[in-house]
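A quick write-up on the structure given underneath.
Excluded from the calculations below are hydrogen atoms, water molecules and symmetry mates; all remaining heavy atoms, backbone and side chain alike, are included. In the text below, chain A, chain B and the rest are named by the order of the sequence lines, each starting its count at 1.
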2 protein chains.
Amino acid sequence: MLKLSKKTEYALMAVKFMARNAADGSVTAKEISEGYNIPYDLLSKVLQQLTHKKLVNSFQGIKGGYTLNHDPENVTLFDIISAVEPNYQITDCFQEGSTEKDCTYINCCMIRDPLAKVQKEIDKLFKAVTIQQILWP
Amino acid sequence: MLKLSKKTEYALMAVKFMARNAADGSVTAKEISEGYNIPYDLLSKVLQQLTHKKLVNSFQGIKGGYTLNHDPENVTLFDIISAVEPNYQITDCFQEGSTEKDCTYINCCMIRDPLAKVQKEIDKLFKAVTIQQILWP
DNA sequence: TTTAATAAGACTTATTTAGTCCTATATCAA
DNA sequence: TTGATATAGGACTAAATAAGTCTTATTAAA
């Protein structure tokens with residue numbers, strides 16, 4: 001409950017690895033996986049998700065790999081989390097596509113709106129934290 | 001993820017029910033359960049946890065039940081969450097009792113301290129929100 | 001002493017997360 | 001043009017956690 005998944009951790013670690021090794025050009029999933037002891041397949045998926053959100057560049061083929069697409073001070077924790085956590089919301093109520101019908105309680109969504117405000121505050125918090133701050137405190 | 005569990009939702013709903021029915025004296029788990037369509041056994045456990053944290057008073061015996069122990073403006077979302085979520089932390093790293101050994105990564109806890117700061121901000125946020133604000137917006 | 005409430009541990013089921021496996025596709029270089 | 005090695009991505013399995021259920025004990029009023 002209220003815990004970030006491994007995918008977020010792996011994403012942060014991968015970003016750190018890429019930033020550290022930026023001088024050597026692109027970095028492969030295998031290098032990150034072995035360098036930080038992260039399961040290769042799972043890491044690959046995380047990197048693919050980061051690629052879809054344009055947070056990293058990917059290069060296919062035998063000389064392929066990944067590079068960061070932005071400077072760490074221009075990427076926020078929110079960017080990483082929302083790239084990697086499938087439906088990141090503190091409660092189901094205001095999930096995308098949810099309707100009143102999804103709510104099984106009498107007095108439906110009695111706590112919905114106020115918690116939505118709390119959610120917005122959390123988003124704001126995550127948007128205020130850059131990867132730079134997290135990875136090089 | 002980063003989602004609150006049902007237990008937090010049920011706790012908030014139970015508090016709402018108790019506040020609404022404060023005039024009638026104590027309220028039973030059965031009444032809350034039937035009034036809001038919450039599973040009785042699970043609700044009972046939530047109420048027991050709230051009791052342990054002195055957020056509600058419990059009365060045993062045939063005329064028993066629960067009452068709120070504080071005014072809603074003096075109870076925060078943080079109080080409820082920490083009463084009910086077993087180990088509420090956005091990442092395992094700085095869980096109570098965790099040691100460096102628990103960390104399986106090379107470069108152990110490279111993201112630990114900065115995320116701990118984010119955690120503190122979230123705590124601060126939850127402590128700033130009262131039950132009053134959540135349940136009667 | 002019966003009745004209806006809380007207390008609490010053990011257990012089962014459902015859901016979600018984490019991790020694995022397999023195949024396709026891209027690209028470089030011999 | 002073919003072999004090697006990288007990303008892409010779907011399907012699947014296993015592990016962990018959350019949600020819900022069952023059972024027994026204890027409490028206290030009538």
Quick one about A/S44 and A/D41 (side-chain donor to acceptor, distance below 3.5 Å, no hydrogens or angles considered), yes or no? no
Which nucleotide sits closest to the side chain of B/K6: C/dT6, D/dT7, D/dG20? D/dG20
Would you say A/Y40 places a side-chain N or O within less than 4.0 Å of OP1 or OP2 belonging to D/dT7? yes
When the distance from CG of A/D41 to C1' of C/dC22 is rounded to whole Å, what number comes out? 10 Å
Any side-chain N or O of A/Y10 under 4.0 Å from OP1/OP2 of C/dA18? no
Below 30° counts as parallel, above 60° as perpendicular, anything between as tilted: where do the rings of B/Y36 and B/F17 land? perpendicular
Establish, with yes or no, whether the OP1 or OP2 oxygen of D/dA8 is under 4.0 angstrom from a side-chain nitrogen or oxygen of A/H52. no
For the atom pair CD1 (B/I122) and CG (B/L125), what is the distance rounded to the nearest 0.5 Å? 7.5 Å
A/S58 side-chain N/O to D/dA8 phosphate OP1/OP2 under 4.0 Å: yes
Whole-Å distance separating the CD atom of A/Q60 from the P atom of C/dT27: 6 Å
Counting only side-chain nitrogens and oxygens, does A/S5 get under 4.0 Å of the OP1 or OP2 atom of C/dA18? yes
Would you say B/Y88 places a side-chain N or O within less than 4.0 Å of OP1 or OP2 belonging to D/dT17? no
Measure from the side-chain heavy atoms of A/P39 and tell me the nearest of C/dT20, D/dT7, D/dA28. C/dT20
Can you check whether B/S44 has a side-chain N or O nearer than 4.0 Å to OP1 or OP2 of C/dA7? no
Could you state the NZ-C1' distance from A/K7 to C/dT16, rounded to the nearest angstrom? 11 Å
By nearest-nucleotide position on DNA chain D, the 5'-leaning member of A/K30 and B/P86 is A/K30
What nucleotide among C/dT16, C/dA29, D/dT7 has an atom nearest to a side-chain atom of A/K63? C/dA29
Check whether any side-chain heavy atom of B/I134 sits under 4.5 Å from a side-chain heavy atom of B/L77, and report yes or no. yes
Protein-nucleotide distance (A/L47, atom CG; D/dT7, atom C1'), rounded to Å: 10 Å
Please tell me which of A/L4 and A/G61 maps to the more 5' nucleotide of DNA chain C, matching each residue to the nucleotide holding its nearest heavy atom. A/L4
Over how many whole Å does the gap from A/L43 atom CG to C/dG19 atom P extend? 11 Å
What is the distance from CG of A/L2 to C1' of D/dT17, rounded to the nearest Å? 15 Å
Could you tell me the separation between the CG atom of B/L42 and the P atom of D/dT17, rounded to a whole number of Å? 18 Å
Can you tell me whether the side chain of B/K45 and the base of D/dG20 have a donor-acceptor pair closer than 3.5 Å? no
Distance (rounded to the nearest 0.5 Å) between A/D79 CG and A/K127 NZ: 9.0 Å
Tell me: CD1 of B/I62 to P of D/dT27, nearest whole Å? 16 Å
Between A/F126 and A/Y88, what is the ring plane arrangement, given parallel below 30°, perpendicular above 60°, and tilted in between? tilted
